[in-house]
Amino acid sequence: MAKSAGIHHITAIAGEPKRHVAFYSRALGLRFVKRTVNFDDPGTWHLYFGDEVGSPGSALTFFLWENVPPGKHGAGEAQEIAFAIPEGSLEFWKKRLADKGVMAEEKTRLGETVLTFDDPDGHKLELVASKTASAIPGWGGGEVPAVHAIRGFHGITLELRHPERTARVLMEVFGFAPERSEGNRQRFLAKDGPLGRIVDLRTTPGLAHASQGIGTVHHVAFRAADDAAEMAMRERALKLGLQATEQVERLYFRSVYFREPGGILFEIATDQPGFTLDEPKEKLGSKIALPPWYESRRAEIEAALPPLE
Ligand code: ZN
């Protein structure tokens, strides 16, 4: 069975563009790997942040929808986005976040040290000290030195009323295996990784249902090594009675979407071709990238987009 190597990308909804870009590219020091538009709505930005090339397992992407109301955290939601930092970098990050006026709280969870904080739109973020991250070189082209840089995703927490149904999807569609649990949290692990291998399922009794908007995650994409693996995962999703789309061309990857039984939108995304498709590695994110089918409308599209910096 073709298994997923974990999270490919996470896409979330953000509001005010300048504040948003400053937070992710400057304060968190992620590389701004792609500035493009929402392929389904080219009047709005779709921004990608990640490691040096936005590798699968590192790509955090945002729809900038200034005109939608703020979302509400709750059940049926992909909630905390956890990044992996090297084990020796906790003190650096505690100081950096404090210097930037970001309130962070330190916790121990499943034997790991976790710094939790919110982004300016209310997204719940975490930095997790990870041995795996220590072994991966960091990108030091931004404000954060390479030695302390965020390496990519540690994982994500899904808040669910009935986690067993989502667990079945993780195991049977993507090949995740159950790992440790603690309290109301059950951890699932993808076959390899190395980044973004973890999906935690959490149930908080009595929690109201989430509503989507600014400050909430839009969908979570899982890696497929190639088209054949993607189609195999799609078939398995259909067998579980889930309504999976046909394959959709996203230029930097090819995607299939379905809503898992807990209400969260899942995507299957191919590892190839990646973000160097239309820009060289050293120039990633430096200009507005448009898919070929919007090129003829470039002037009109660019003029309508709000400034980012
Ligand atoms: Zn996506």
Side-chain angles (χ1 to χ4, degrees), residues 4-14 20 24 30-42 44-51 53-65 68 71 76-83 121 123 152-153 155-158 166 169-170 173-174 190 195-196 199 210 212-227 229-231 233-234 237 242-260 262-278 284-285 289-291 293-294:
S4 174
I7 297 166
H8 181 285
H9 65 270
I10 297 169
T11 295
I13 303 167
H20 168 75
Y24 284 92
L30 296 173
R31 187 165 190 204
F32 191 178
V33 287
K34 192 66 69 183
R35 56 182 81 205
T36 185
V37 295
N38 183 332
F39 288 5
D40 300 323
D41 175 16
T44 59
W45 285 113
H46 189 181
L47 308 180
Y48 291 73
F49 301 91
D51 67 4
V53 293
S55 310
S58 82
L60 178 58
T61 101
F62 290 92
F63 297 136
L64 267 57
W65 291 343
V68 307
E77 185 194 13
Q79 208 168 87
E80 288 91 349
I81 300 168
F83 298 107
D121 285 316
H123 281 290
F153 295 125
I156 191 154
T157 299
L158 311 183
T166 305
V169 173
L170 289 175
V173 176
F174 297 120
L195 290 165
V199 176
Q212 198 163 69
I214 292 172
T216 63
V217 169
H218 188 271
H219 63 266
V220 181
F222 294 92
R223 295 175 64 179
D226 52 30
D227 288 330
E230 180 163 87
M231 287 305 124
M233 292 173 196
R234 179 177 183 275
L242 301 164
Q243 305 286 315
T245 66
E246 298 295 325
Q247 194 185 55
V248 182
E249 178 58 66
R250 294 302 187 201
L251 209 62
Y252 309 112
F253 39 86
R254 293 173 295 281
S255 301
V256 168
Y257 301 85
F258 64 88
R259 205 167 284 282
E260 58 82 33
I264 299 168
L265 185 62
F266 278 2
E267 174 182 346
I268 312 165
T270 55
D271 280 356
Q272 300 298 329
F275 298 107
T276 50
L277 177 78
D278 54 0
L284 282 173
L290 291 179
W293 57 92
Y294 289 142

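Heads up: numbering here begins at 1 and tracks the sequence. First listed ligand is number 1; within each ligand, the first listed atom is number 1.
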Carefully, step by step, assess Leu158 and Phe266 under the rule side chain to side chain contact (heavy atoms under 4.5 Å, CB included). CA-CA 11 Å; Leu158 311 183; Phe266 278 2; 3.8 Å; yes
Please evaluate residues His20 and Trp45 with respect to the criterion ring pair (Phe, Tyr, Trp, His ring centres under 6.0 Å), reporting the C-alpha separation (whole Å), side-chain torsions for both, the decisive distance (0.1 Å), and the verdict. CA-CA 12 Å; His20 168 75; Trp45 285 113; over 10 Å; no
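Of all protein atoms, those of element N, O or S that lie under 2.8 Å from the Zn ion (ligand 1) number 3.
A salt bridge does not link Arg254 to Asp226: none of the charged side-chain nitrogens sits closer than 4.0 Å to a carboxylate oxygen.
The two residues Val37 and Tyr294 make their nearest non-hydrogen contact at CG2-CD1, 4.2 Å.
Between Phe174 and Phe258, the angle of the ring planes stays under 30°, which puts this pair in the parallel group of the 30/60° scheme.
Thr61 pairs in a side-chain hydrogen bond (donor to acceptor under 3.5 Å, both in side chains) with only one of the listed residues (His9, Lys34, His46), which is His46.
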